[in-house]
Amino acid sequence: QVQLVESGGGTVQPGGSLRLSCAASGTIFSIYVMGWYRQVSGKQREAVATITSGGRTNYAGSVKGRFTISRDNAKKTVYLQMNSLNPEDTAIYYCNLDALGAWGQGTQVTVSS
């Protein structure tokens with residue numbers, strides 16, 4: 001059974017940084033596209049960034065240049081480095097393995113002064 005566990009969320013001031021991690025278990029990891037999504041209460045979940053098995057990345061326009069997605073296949077972990085955070089980045093962030101329909105439980109990121 002696939003399991004995705006996020007960590008690294010928290011509260012940070014505008015302009016600050018956070019690094020999210022998502023550890024996978026119960027599946028081969030290296031062959032799959034991994035993604036980070038976020039959701040604000042009352043709004044649709046939106047894609048933030050994805051990374052292919054070969055390391056090709058794609059970002060939402062609102063985070064391009066500020067966020068970096070990466071992966072460590074040996075550790076079965078995908079990361080999201082978030083810099084220059086602003087209040088609009090406040091959301092619950094979810095890890096996704098789309099091919100298997102797997103989601104993590106989510107981790108809260110709050111950007112507030």
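- Judged by distance alone, with hydrogens and angles left aside, the side-chain atoms of Thr27 form no donor-acceptor pair with the main-chain N or O of Phe29 at under 3.5 Å.
- Annotation: side chain of Tyr79 is in contact with side chain of Asp72 (closest heavy-atom distance under 4.5 Å).
- Atom CG of residue Asn96 and atom OH of residue Tyr32 lie 12.5 Å apart, to the nearest 0.5 angstrom.
- In terms of the salt bridge (charged side-chain N to carboxylate O under 4.0 Å, His left out) criterion, residue partners of Arg66 (sequence neighbours excluded) are, by chain and number, Asp89.
- Cluster annotation: Val40 is not connected to Val12 through the hydrophobic network of ILVMFWY side chains, with a link wherever side-chain heavy atoms come within less than 4.5 Å.
- Taking the ring axis of Tyr94 as reference, the NZ or CZ atom of Arg38 does not stay both within 45° of it and closer than 6.0 Å to the ring centre.
- Looking at Val48 and Leu80, their side chains come closer than 4.5 Å, going by heavy atoms from C-beta outward.
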*Could you please spell out the steps behind the side chain to side chain contact (heavy atoms under 4.5 Å, CB included) verdict for Ser53 and Ser30?*
CA-CA 6 Å; Ser53 58; Ser30 61; 5.9 Å; no

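- No donor-acceptor pair closer than 3.5 Å links the side chain of Arg71 to the backbone N or O of Val33.
- The structure places CD of Glu6 at 5.5 Å from SG of Cys95, a figure rounded to the nearest 0.5 Å.
- Distance check, rounded to the nearest 0.5 Å: CG of Asn73 to CE of Met34 gives 10.0 Å.
- Contact record, Ala91 with Gln108: O-NE2, 3.4 Å, taken as the closest heavy-atom pair.
- Atom CG of Leu85 is separated from atom OG1 of Thr11 by 11.0 Å, given to the nearest 0.5 angstrom.
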*Given side-chain hydrogen bond (donor to acceptor under 3.5 Å, both in side chains), test Arg56 with Asn58 step by step and report yes or no.*
CA-CA 7 Å; Arg56 188 166 65 248; Asn58 193 45; over 6 Å; no

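- A heavy-atom distance below 4.5 Å is not found between the side chains of Pro14 and Asn86.
- Counting heavy atoms from C-beta on, the side chains of Val78 and Ile69 come closer than 4.5 Å.
- For the atom pair CD (Glu46) and CD (Gln44), the distance works out to 9.5 Å, reported to the nearest 0.5 Å.
- In this structure, Val109 and Gly9 approach most closely via the heavy-atom pair CG2-CA, 4.2 Å.
- Checked by atom type and distance alone, the side chain of Gln81 never pairs as donor or acceptor with a backbone atom of Phe67 at under 3.5 Å.
- Scanning both residues, Leu4 and Gln105, for their nearest heavy atoms gives O-OE1, 3.6 Å.
- The distance from the CD1 atom of Ile31 to the OG1 atom of Thr52 is 12.5 Å, given to the nearest 0.5 Å.
- Contact check for Met82 versus Leu20: side-chain heavy atoms found under the 4.5 Å cut-off.
- With hydrogens and angles disregarded, a donor-acceptor distance shorter than 3.5 Å links the side chain of Thr77 to the backbone of Lys75.
- Residues that satisfy the ring pair (Phe, Tyr, Trp, His ring centres under 6.0 Å) test with Tyr37, not counting sequence neighbours, are Trp103.
- Among all heavy-atom pairs drawn from Tyr59 and Ala49, the shortest one is CD2-CB, 3.6 Å.
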